[in-house]
Amino acid sequence: MMQPRERFLNFLQHKPVDRPPIWLMRQAGRYLPEYLATRKKASNFKNLCYDSSLACEVALQPLERFDLDASIVFADILNVLEACGIDVSFEDNIGPVIKHPVRKKQDCQHLLPVTSQLGFVLDTVGLIRKHAPNRGMIGFVGSPWTLACYAVEGKISKELIHIKKLLFQDPDTLELLINHLTEATITFAKQQIAAGCDCLVVFDSWGGNLNPELFKTWSLAYQAKLVEALKPHPVFLFTRGSTPHIENILSTNSAGVCIDWTCPLTKTLTQCQNKGILLQGNFDPSMLMASNQDIKNIIYHELDAIGCHKDYLPSLGHGLMPHLDPNKVGFFVEALKDYPWRLS
Ligand code: CP3
């Protein structure tokens, strides 16, 4: 039997594996009662990120419960904004709030470069490595476009009115901001790799809100810079709503891409295989509300349809939500492991 980290590293290097490695987005989080208990100790989410020993504790919780092959560093994509001097608070039932959003050229003049501000995340990386030496470890950053969406909007916004106003009325300012965030994320991504992460995921949660041309210009171009700057270290790109953009995303030649459930799996897998790109996805996390038998049927039906491919990592197409039942998550992981994989 392969060790989880060996399985994970082999997968990243396109080497033989006994079965695909398994990890889930937001595998640490509010659906786990032990997460809520640790979060209470920290008193709020931000303190939980800043306290490396508690952050390590919650990163390890899903590994203790489920047979997962990799941990994901516990932090938030918006910690980079704070490092740049943009104050972020996380409010219950609202999400992240930025009291002084970036809306004008002058607002960009105060932005700080990333040096050692995110040391608390790097300490978490070191602790996770120490406590889970035989599992893979995944670091992450937000895409510059997605970080800019929060910096400019000041909160979750489906319409993205303020950033689109900037894009159409004052693109120079937007470019200034996104360039700054690109430098910041490249520095931080390199720091995470140096601290011990095996690969990086770029979360582009709002890229799917742009038309294909604007997506290329304002989101993908900066993700491509990250991919280049990190080489030879593996980077996975995850744009939520990537379906219309997938060809362009694959043209960056990142090590891998993650897709959500609106993206057709079989077709995307063929496109990825033609380019030697790893694929992760794309089950709808909501299907974990089905019965165990139905969950198994959904998974096996999909896996039978695509056949066994060693460059495919079966997983959920987005993060686990707070209302989901941890036992269903466990069932999902076991069902994936039990599938009759033939990957040679
Ligand atoms: O297990 C993991 O996935 C690691 C940790 C992680 C968190 N956020 C912790 C978190 C990761 C990888 C993220 C990424 C993240 N953060 C994204 C990209 C992925 C996505 O969901 O689209 C985005 C857009 C954010 C920004 C953010 N952080 C929002 C919008 C929110 C509030 C909404 C929500 O889901 O609660 C957060 C808070 C947050 N980040 C929580 C967690 C566990 C919930 C905090 C809590 O305990 O109250």
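Read the numbers this way: they start at 1 and go in the same order the structure lists the ligands and their atoms.
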List the atom pairs, with distances to 0.1 Å, where a side-chain N or O of residues 131-138 and a protein N or O form a donor-acceptor pair under 3.5 Å, not counting sequence neighbours.
from   : atom 1 : to     : atom 2 : distance (Å)
His131 : ND1    : Leu127 : O      : 3.0
Asn134 : ND2    : Gln3   : OE1    : 2.8
Arg135 : NH1    : Leu68  : O      : 2.7
Arg135 : NH2    : Leu63  : O      : 3.1

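Closest heavy-atom approach to atom 5 (C) of ligand 1 among the candidates Pro322, Ala42, Ala75: Ala75. Comparing Asp204, Leu147, Val73 by heavy-atom distance to atom 4 (C) of ligand 1, the nearest is Val73. In this comparison of Leu48, Val58, Ile77, the heavy atom closest to atom 17 (C) of ligand 1 sits on Ile77.
Checked by atom type and distance alone, the side chain of Asp107 pairs as donor or acceptor with a backbone atom of Arg103 at under 3.5 Å. Gln117 places a side-chain N or O within 3.5 Å of a backbone atom of Thr115 that can act as its donor or acceptor partner. Side chain of Thr217 to main chain of Glu213: a donor-acceptor pair is present (N/O by atom type, distance under 3.5 Å, no hydrogens or angles).
Taking atom 10 (C) of ligand 1 as the reference point, the nearest protein heavy-atom neighbour is Phe45 CZ, 3.4 Å. The shortest contact between atom 8 (N) of ligand 1 and any protein heavy atom is with Asp76 OD1, 3.1 Å. The protein atom (non-hydrogen) at minimum distance from atom 22 (O) of ligand 1 is Ser205 OG, 2.6 Å.
On a distance-only criterion, Arg26 and ligand 1 share at least one N/O pair closer than 3.5 Å. Residue Phe140 has no N or O atom closer than 3.5 Å to an N or O atom of ligand 1. Residue-to-ligand polar distances keep Tyr150 apart from ligand 1: every N/O pair is separated by 3.5 Å or more. Residue contacts with ligand 1: Arg39 is placed with a nitrogen or oxygen under 3.5 Å of a nitrogen or oxygen of the ligand (distance criterion only). Residue Arg30 has at least one N or O atom closer than 3.5 Å to an N or O atom of ligand 1.
With 3.5 Å as the limit, one finds a donor-acceptor pair spanning the side chains of Thr38 and Glu57. For the residue pair Glu82 and Asn79, a side-chain donor N or O sits within less than 3.5 Å of a side-chain acceptor on the partner.
Heavy-atom separations between His318 and ligand 1 include at least one value shorter than 4.0 Å. Ligand 1 is approached by Pro96 to a heavy-atom distance shorter than 4.0 Å. Using a non-hydrogen distance threshold of 4.0 Å, Tyr35 registers as a contact of ligand 1.
Counting atoms of ligand 1 from 1 in the listed order, those under 4.0 Å from a heavy atom of Gln27 are 1 (O).
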_Check against ring-ring contact (aromatic ring centres under 6.0 Å, His included), Phe11 and Tyr312_ = CA-CA 9 Å; Phe11 176 77; Tyr312 167 61; 8.6 Å; no
*Stepwise, does the side-chain contact (heavy atoms from CB on, under 4.5 Å) test hold for Ile178 with Glu175?*
CA-CA 5 Å; Ile178 296 195; Glu175 198 180 336; 6.0 Å; no
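Classified by interplanar angle (parallel below 30°, tilted 30° to 60°, perpendicular above 60°), the ring pair Phe238/His318 is tilted. Under the 30°/60° scheme for interplanar angles, the aromatic rings of Phe140 and Phe203 are found to stand perpendicular.
Residue Ala59 does not touch ligand 1, judged by heavy-atom distances below 4.0 Å.
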